[in-house]
Student: 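Okay, handing you the structure first.
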Protein chains: 2
Amino acid sequence: MTERDTVRTLAHPEPDEIRLEGVLHALSDPVRLSIVRDLAATEAELSCSHFDLPVTKSTTTHHFRVLRESGVVRQTYRGTAKMNGLRRTELQTLFPGLLDSVLEAAAAEGARLGAPGAPLT
Amino acid sequence: MTERDTVRTLAHPEPDEIRLEGVLHALSDPVRLSIVRDLAATEAELSCSHFDLPVTKSTTTHHFRVLRESGVVRQTYRGTAKMNGLRRTELQTLFPGLLDSVLEAAAAEGARLGAPGAPLT
DNA sequence: CCCGTCCTACGACGGTTCTCGTACGATGGG
DNA sequence: CCCATCGTACGAGAACCGTCGTAGGACGGG
């Protein structure tokens with residue numbers, strides 16, 4: 001990394017090109033929201049293939065592209081793998097508290113729907 | 001209001017039927033986000049015709065229905081007019097802080113895009 | 001009772017999205 | 001050098017979305 005990513009770079013929107021509507025739309029799909037939640041659960045970057053999604057690889061590529069083009073995630077190549085990281089800082093600067101609220105809301109809904117017993121441990 | 005809305009009732013989702021994805025999707029359209037912002041700017045309920053939207057009445061009806069069916073607004077008839085109010089309490093209970101974050105983000109983006117000079121007065 | 005206003009229903013259209021399968025390029029290990 | 005792995009590109013189809021126009025129903029005022 002750091003300087004070894006000269007080849008195969010990917011286009012990302014600048015902070016001032018990130019649109020709230022685009023971010024909300026990106027997060028309004030269950031598959032993509034699940035990706036973002038997994039990404040938010042760790043500080044590390046995760047490869048596309050790390051995710052266990054109920055769609056094919058083609059569709060996975062599509063969803064990651066939507067997330068990247070809306071400015072939610074940053075993607076960098078690492079050998080054959082493509083690593084994904086949340087653009088926390090930019091999003092926090094543009095829309096303070098928004099990402100956290102959505103993640104908390106997703107967690108709340110997940111607990112409400114998938115675990116009525118509320119597993120705390 | 002209070003008890004005069006016996007006729008012509010509209011179907012609204014219960015709090016436990018409101019889905020985060022649905023709310024985010026409802027808010028990801030510029031017209032609908034504009035409606036929600038206007039609604040949030042006042043405590044009063046507003047009629048559909050009060051809004052000055054760049055679409056026809058048919059489309060306006062469609063957008064209000066999306067907002068109602070996703071659980072974002074509550075609609076009640078008042079004579080020939082249909083009044084619209086944000087479901088602040090339910091949303092705050094289900095997804096604490098989410099609505100506020102989105103509204104702040106929309107305001108921030110509006111200031112960033114529409115008013116680079118930042119009109120404060 | 002009639003009419004104007006407000007909103008809805010229905011049908012339609014064009015565009016976008018989500019999904020897939022298959023075929024293809026890029027990288028790194030043996 | 002070959003091959004396995006990872007991701008992409010390119011169709012392609014089904015579904016959905018945003019938009020409109022027209023026609024029609026409900027309400028309130030004169």
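Chain naming here is simple, since letters A, B, ... match the order of the sequence lines and numbering starts at 1 in each.
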Student: Say whether, by atom type as modelled, one donor and one acceptor occur between the side chain of B/Ser70 and the main chain of B/Val66 under 3.5 angstrom.
Tutor: yes
Student: Taking only side-chain N and O atoms of A/Thr59, does any of them lie within less than 4.0 angstrom of OP1 or OP2 on C/dC18?
Tutor: no
Student: In whole Å, I'd like the distance from the CG atom of A/Asp29 to the C1' atom of C/dT17.
Tutor: 9 Å
Student: At under 4.0 Å between heavy atoms, how does the protein contact nucleotides 6-16 of chain D? Give one character per nucleotide, 5' to 3', with B, S or -.
Tutor: SBBB-------
Student: Relative to the 5' end of DNA chain C, which residue comes earlier, A/Gly79 or A/Thr56, by the nucleotide with the nearest heavy atom?
Tutor: A/Thr56
Student: Exactly one of B/Leu94, B/Leu86, B/Val23 should register a side chain to side chain contact (heavy atoms under 4.5 Å, CB included) with B/Leu99. Which one does?
Tutor: B/Leu86
Student: How long is the straight-line distance from CZ of B/Arg74 back to CG of B/Leu39, given to the nearest 0.5 Å?
Tutor: 12.5 Å
Student: Can you work out whether B/Phe64 or A/Val55 has the more 5'-proximal nearest nucleotide on DNA chain C?
Tutor: B/Phe64
Student: What pairs with A/Glu45 under side chain to side chain contact (heavy atoms under 4.5 Å, CB included), at least two apart in sequence or on another chain?
Tutor: A/Thr76, A/Met83
Student: Using atom CG of A/Leu33 as one end and atom P of C/dC18 as the other, report the distance to the nearest whole Å.
Tutor: 13 Å
Student: Between atom CD in B/Glu21 and atom P in C/dC18, what is the gap in whole Å?
Tutor: 13 Å
Student: Under 3.5 Å, side chain of A/Thr61 to main-chain N/O of A/Lys57, donor-acceptor pair present?
Tutor: yes
Student: Whole angstroms only, please: what is the CD1-C1' distance between B/Ile35 and C/dC7?
Tutor: 14 Å
Student: How close do B/His12 and B/Val73 get, heavy atom to heavy atom, and via which atoms?
Tutor: CD2-O, 3.7 Å
Student: By the 4.0 Å heavy-atom rule, please label A/His62 as base, sugar-phosphate, or nothing.
Tutor: base
